[in-house]
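Notes to accompany the following structure.
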Protein chains: 2
Amino acid sequence: MISSIAELISDRIGTMPAGERRAAQTLIANYPLTGLKTVAEFSAAAGVSSPTILRFVARLGFQNYPEFQSALQDELAAQLQSPASRTLDPSSGGAASPMLEATLDNMRETFRHLSDKQLADIAARLADRRGKTFLIGGRFTDPLARYMAAHLAIIQPDVYHLAGQESIWRDRLIDMGKRDVLVIFDIRRYQESLVRFAEKAHQRGVQIILFTDQWLSPISRFARHVIAGRTAVPSAWDSSAALFVVAETLIGAVTRQLEAAGAKRIRDLESLR
Amino acid sequence: MISSIAELISDRIGTMPAGERRAAQTLIANYPLTGLKTVAEFSAAAGVSSPTILRFVARLGFQNYPEFQSALQDELAAQLQSPASRTLDPSSGGAASPMLEATLDNMRETFRHLSDKQLADIAARLADRRGKTFLIGGRFTDPLARYMAAHLAIIQPDVYHLAGQESIWRDRLIDMGKRDVLVIFDIRRYQESLVRFAEKAHQRGVQIILFTDQWLSPISRFARHVIAGRTAVPSAWDSSAALFVVAETLIGAVTRQLEAAGAKRIRDLESLR
DNA sequence: AAAGCGCTGTATCGTATGTTACGTATTTTG
DNA sequence: CAAAATACGTAACATACGATACAGCGCTTT
């Protein structure tokens, strides 16, 4: 069974004429980048002419050059999204749990695409006390919304978790305006009810902060800030762990920003018990 | 110092207009593949027009689109040629977030003290369908109970999350017996109400599975299985992320064990929508 | 409430890219 | 050794791609 294009090439490289073989070798040499460049660049790198490159990809079974490039990109996408290809680091005791390893990878990847500044911006918005904060989640992610709401509600007023039936929180739209923030958690399979809700909130000028997966919920169209977490794990379910950690990080950042006001508020709450 | 284009983007994403921000988000979401495609494909993926994409790359400082693509390819080349740089480099990615590093450490430590056999035993008990499963959590951990309940309830019947006021779930004790399982989440500061509840359930012979922190909730006295997660992070709050990951791992394990029966159940549920 | 500014999309243009036809060189075979 | 077949490159072509000008719209500001 031949799965990757690289295998396909090394399989047929023996039957190729000299020029095409040079093309194959240069492609394998720094795979797959050369194949993503233009035909002219590819041919220059291989030291052959453009038609030779085209004959080369034709021999591999592709109808035209763009089709060949698309195949390379798909392959690269699969490779980049599943860090399984990454050599298992022997440091962590190795055969711990593939589930754990995947989760740790997801978190690293998620934060790699999340700059400190971006997190700071979002935290600043959440800490901005001129408006209210609403949180809501989907079928499996609503607990994350609850978790975040439970913490935020302690350090600042006007934090509301939207729970229950759709009709209930839809009516809460009337309370929302430009100064308010709506935090939405929505991963595959995206819920239409949430999309509708987000759209209406957006129309009212509400600032939306979206927690979603790397395939981006349609709500990203309306969102001011989008946090794309990795969710792929060797399980029947997707993992929300990366989003959970981002949420915790934000909770910490907001707490730090509100330290002055927040500390007093916490003390007041303590004395209420 | 800004080294990668991804950093450059997340650095300036705050100052971008809405359309360009959507472009930036879709690019970051599955970086860097979208940037290697044509302008038309990029714009379609982001849901904006072609000129917006071009304005986006112009704002990043590139003279034209091909130059932008070349930069992405160079970056990808460097990344592919040295795969060692991706795993655990304390230089660039390491200093990202001390919060993240602490969380990752917590998870590794948590799983280090958690044997495969122990996880398998707990999963087996959760998958045992002779009794009912109840889940409950504390002030901040109740969302974890909800999260776990949301998944377990799909693959098997008789899964109940205990919510609301104490008096409500206290009355549910009457439904609990020897064959039943009670999953409790309780971290500092431990809630008396939960301890009381756990004790009564224990007296009724209920099997208790406890998620707690490394200092062990007093409920551990009554628990059949104890999962001690690390919670220390550089924040004003404790982190429940490690417990969250254990919960997800268990969800996956239970799902696998119930695969035969569970798969049918999932299909039935799908057809109900 | 009105005016100005900035952002975004539509339509058009020039160009670089992939493609193909054809002639020459090189190898293979009788 | 000769002749044929295959391989390769040059050059011309058409397409599709990136770039740009312009108009409409929403938003902010006075």
Side-chain angles (χ1 to χ4, degrees), chain A residues 9 12-27 32-73 130-131 177-180 199-208 220-225, chain B residues 9 12-27 32-73:
Chain A
I9 292 172
R12 301 194 186 172
I13 197 172
T15 70
M16 291 182 186
E20 300 181 27
R21 194 161 33 213
R22 288 179 65 184
Q25 280 158 352
T26 35
L27 175 56
L33 265 162
T34 313
L36 296 179
K37 299 183 186 293
T38 65
V39 176
E41 287 174 302
F42 192 166
S43 66
V48 297
S49 70
S50 309
T52 301
I53 300 297
L54 296 174
R55 282 188 283 262
F56 164 67
V57 302
R59 189 183 298 266
L60 292 179
F62 298 98
Q63 295 299 324
N64 48 28
Y65 195 72
E67 182 180 308
F68 163 72
Q69 285 191 324
S70 296
L72 280 180
Q73 288 189 357
R130 286 176 301 185
K178 294 184 181 179
R179 301 175 172 277
D180 300 330
E199 182 168 13
K200 283 171 189 158
H202 174 66
Q203 285 168 358
R204 296 185 64 89
V206 179
Q207 306 261 3
I208 294 179
S220 61
R221 299 177 56 85
F222 315 118
R224 184 80 171 73
H225 297 281
Chain B
I9 292 172
R12 303 194 185 172
I13 197 172
T15 69
M16 290 182 186
E20 300 179 28
R21 195 162 43 222
R22 280 167 61 186
Q25 281 155 353
T26 38
L27 174 58
L33 266 160
T34 313
L36 297 179
K37 299 184 185 294
T38 65
V39 175
E41 288 173 303
F42 192 164
S43 66
V48 296
S49 68
S50 310
T52 300
I53 300 297
L54 296 173
R55 281 187 285 262
F56 164 66
V57 301
R59 190 183 298 267
L60 292 178
F62 297 99
Q63 295 299 323
N64 47 30
Y65 195 73
E67 182 179 309
F68 163 71
Q69 285 191 322
S70 297
L72 280 180
Q73 289 187 357

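Below, chain A is the first sequence line, B the second, and so on; all start at residue 1.
The OH atom of Tyr65(A) sits 9 Å away from the P atom of dT19(C) (whole-angstrom rounding). With rounding to whole Å, Gln69(B) atom CD is found 11 Å from dT17(C) atom P. Between Ile53(A) atom CD1 and dT10(D) atom P the separation is 14 Å, expressed in whole Å. Regarding Phe56(A), its CZ atom lies at a distance of 12 Å from the P atom of dC8(D), rounded to whole Å. When the P atom of dA16(C) is taken as reference, atom CD of Gln63(B) falls 16 Å away, rounded to whole Å. Taking atom CG of Asn64(A) as the reference point, atom C1' of dT19(C) lies 10 Å away to the nearest angstrom. Straight-line distance from the CZ atom of Arg55(A) to the C1' atom of dA7(D): 7 Å, rounded to whole Å. Atom-to-atom, CD of Glu67(A) to P of dT19(C) comes out at 10 Å; the value is rounded to the nearest Å.
Of the candidates dA11(C), dT19(C), dC8(D), the closest approach to any side-chain atom of Pro17(A) belongs to dC8(D). The listed nucleotides are dG18(C), dT8(C), dG9(C); the one nearest the side chain of Ala18(B) is dT8(C). Here the nucleotide nearest the side chain of Val48(B), chosen from dG9(C), dA19(D), dG18(C), is dG9(C).
Side-chain polar atoms of Glu67(B) and Ser70(B) form no donor-acceptor pair below 3.5 angstrom.
For the pair Pro51(A) and Arg59(A), both in contact range of DNA chain D, the more 5′-proximal nearest nucleotide belongs to Arg59(A). Comparing Thr15(B) and Ser50(B) against DNA chain C, the residue whose closest nucleotide sits nearer the 5' end is Thr15(B).
At a threshold of 4.5 Å between non-hydrogen side-chain atoms, the residues Tyr65(B) and Thr38(B) do not count as touching.
Distance alone, capped at 3.5 Å, places no donor-acceptor pair between the Thr52(A) side chain and the Val48(A) backbone.
The minimum heavy-atom distance between Ala45(B) and Thr34(B), with the atom names listed, is CB-CG2, 4.3 Å.
The side chain to side chain donor-acceptor pair (under 3.5 Å) test with Glu20(B) singles out one residue from Arg55(B), Arg59(B), Gln25(B), and that residue is Arg59(B).
Checking the phosphate oxygens (OP1, OP2) of dC7(C), no side-chain nitrogen or oxygen of Thr52(B) falls inside 4.0 Å.
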